[in-house]
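Here is how names work: the chains are called A, B, and so on, in the same order as the sequence lines, proteins then strands, and each is numbered from 1.
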Protein chains: 2
Amino acid sequence: MSITIQDIAKEAQVSISTVSRVINKSKTVSPELQKRVEEVIKKNDFKPNSLARGLITNQTNIIGIIVPDISNPVFGALTKGINSVCEQKNYTLMVCESGGKQEKEIELLKILGDKKIDGVLFAGVDVNPTLIDGMKKNEFPVVLVTQEASGGEEILYTVVHDNIRATYDAVSFLIENNHKKIAFIGGPENDYSSGQKRMKGFQLALKENELVVPDSYIEHGDFTFDSGYNCMKRIYEENLVLPTAVMVCNDVMAIGAIRFLKSAQVSVPDDISILGFDDSEIGKYFTPELSTVRISYFDEGVKAAKTLFKLMSKKNTTIPKTQFVPHKIIRRNSVRRI
Amino acid sequence: MSITIQDIAKEAQVSISTVSRVINKSKTVSPELQKRVEEVIKKNDFKPNSLARGLITNQTNIIGIIVPDISNPVFGALTKGINSVCEQKNYTLMVCESGGKQEKEIELLKILGDKKIDGVLFAGVDVNPTLIDGMKKNEFPVVLVTQEASGGEEILYTVVHDNIRATYDAVSFLIENNHKKIAFIGGPENDYSSGQKRMKGFQLALKENELVVPDSYIEHGDFTFDSGYNCMKRIYEENLVLPTAVMVCNDVMAIGAIRFLKSAQVSVPDDISILGFDDSEIGKYFTPELSTVRISYFDEGVKAAKTLFKLMSKKNTTIPKTQFVPHKIIRRNSVRRI
DNA sequence: TTGTATGCGTTATCAG
DNA sequence: CTGATAACGCATACAA
């Protein structure tokens, strides 16, 4: 068994309350005892049992995150960002994987609850009203990250990158480079943040520049290499007039698209420019080096975690319901000016 | 405040011990009461407070993992594997990042200890005697994963892939394809498992086939794209007779090496074959598609976690100190027979 | 089979 | 400023 506060008290010849006080820095203890106790603590390398402490303080110094897939680099970076702020707050992180299943998400919320974690960062796939209701019942604060609530925003605290704006900026960048015939390979249509919103940004940019493209220029993939390949293939086969540029909603699909174009003897960027999204490591090493929209999921994690800590501290600083994390267009070789 | 066992007891009109018994399935409770209590529990969606429970049972149903960098896909996959077995055992996972710093690793071990986790999976960078001593003091079992202890193996339970054997097999594969002039781009020389051992495997394969290569065929990188590029560059510049194949100790470096060769107008695989290591996603999408050694870090995580659970259960089944996870040569286009 | 009482290691409340 | 002592929510030895 490990050493307890009692052992320390005995060895320092004080009461356990005194020991507790020096641990928690209640200034009401004489310097002399303070020092004596601290020495005994240091000597025995004593740390209070967090379970016992948590039982009474109702605080565990643990926060949880729920992500669909921890092996996805996006969530890896996100987790790293979150963890970096946990460290400086003396918190540890409990990581849960939902596989994107709503049932599982609800179950995990419950498990984390009975583990008495102090708060949760939630990266869901579809944060719909059912889920929102579930969250409202929790005794701990939740902040959404990466994905907004689809039914009624502004209900839960949320930290995301501005998908509409990012895609709008990306397409505007293509337009600035004189592209007019711009195709679009997006995410799943039922994906609220990364699917629908990016699509919206694309349309917005076209509209503002009074550009119109045929429906056959628009395809929806599922963020995989293969879907990028296939979407590009369909665009290529179904259009007599090819686009001069394609906005692709993530880098892996963009690389799939380029692979198809290579096989069809279409040169990137000479014949067609390709713009990706995410700035994953893969794009940097690719030939041609991929132009993309950089999203820092690390920063997103940091901001979300900071928001959660503010919420937990309950100091009534007003926190905006939705916060955005900046994005940046990264210009490399897969896009050319025409 | 959340609902407690007392509330359930009151509502079901029994004592709290009875409630406790049905929760813990002590068969000594009458079917009638059993049912009554279960209904009340279900109705209130009650789950016992894990802190209070842990305080008594000395078991939290939490295990911890310590990794250098959670955003590294290798550790992402590892974590996913570990988590998959946690799920089926009703455990949750606490993830800690060490940044590869020994100090931090020791600190994390202590933090996890006072959180009363039931066991730890440890993916260190250099598991030396100092660290091993620290681990011996813990009240919880530790299993090493990904990396063996450098000073004296067979001390701690360990689950790794067989780096020597994997590289040996990889180089043998090159030799089977008639390559005799084989260069080597390895990891850092002070990296015990992934650096030194892979090097050893390389040498072993050469020796067994009575092959000798000049020292200038051997370079050490640090697993980054740039180091792969530079190592290849040095090999290219310092040798009048170029190798026909290069064994590169991870895929990212392999891609860096190929990038250099491209810039030097050397064709892969026509002039030089390249064999990578890891089978990261990136290699599959690359042109030429990268031949590599597949290591399933997911499986490694699974096996390590299972080992840890065996250790925690304390049933004295004999567990081998070191267990290996299989590897596989993946044949794609970057290697050709000559 | 069931209920009562004690203790797990802390913090918090209250006297002294 | 310091020390008893009661909680926190649960499991368990013991009593009934």
query: Hey, does the Lys NZ or Arg CZ of A/Lys80 hover above the aromatic six-ring of A/Phe298, less than 6.0 Å from the centre and inside 45° of the axis?
result: no
Can you tell me the distance, in whole Å, between the [atom1] atom of [X] and the [atom2] atom of [N]?
X: B/Asn49; N: D/dA7; atom1: CG; atom2: P; answer: 18 Å
X: A/Lys47; N: C/dG9; atom1: NZ; atom2: C1'; answer: 16 Å
X: A/Leu55; N: D/dA7; atom1: CG; atom2: C1'; answer: 9 Å
X: B/Ile56; N: D/dT12; atom1: CD1; atom2: C1'; answer: 8 Å
X: B/Leu51; N: D/dC10; atom1: CG; atom2: P; answer: 10 Å

task: Could you list by number each residue of residues 14-21 of chain A showing a heavy-atom separation from DNA chain D of less than 4.0 Å, or answer none if no residue does?
output: A/Val14, A/Ser15, A/Ser17, A/Thr18, A/Arg21
Short side-chain donor-acceptor distance under 3.5 Å, [Y] and [X]:
X: A/Asp114; Y: B/Ser50; answer: yes
X: A/Gln323; Y: A/Thr158; answer: no
X: A/Glu148; Y: A/Thr322; answer: no
X: B/Arg53; Y: B/Asn24; answer: yes
X: A/Ser17; Y: A/Ser20; answer: no
X: B/Tyr192; Y: B/Asn128; answer: no

field: NZ/NE/NH1/NH2 to OD/OE distance under 4.0 Å, B/Lys43 and B/Glu11
entry: yes
query: Under 4.0 Å: is that the gap between some side-chain N or O of A/Arg53 and OP1 or OP2 of C/dG9?
result: no
message: With a 4.0 Å cutoff (strictly under), does any side-chain N or O of A/Asn24 reach OP1 or OP2 of C/dT11?
response: yes
- request: Within residues 30-41 of chain B, find the residues that approach DNA chain C with a heavy atom at under 4.0 Å, and present them sorted by residue number.
  value: B/Ser30, B/Leu33
message: Measuring only between side-chain heavy atoms, which start at C-beta, is A/Arg36 closer than 4.5 Å to A/Val14?
response: yes
- request: Identify which nucleotide among D/dC10, C/dT10, C/dT11 has an atom closest to any side-chain atom of A/Phe46, counting heavy atoms from C-beta outward.
  value: C/dT10
task: Measure from the side-chain heavy atoms of B/Ala52 and tell me the nearest of C/dT11, D/dC10, C/dG9.
output: D/dC10
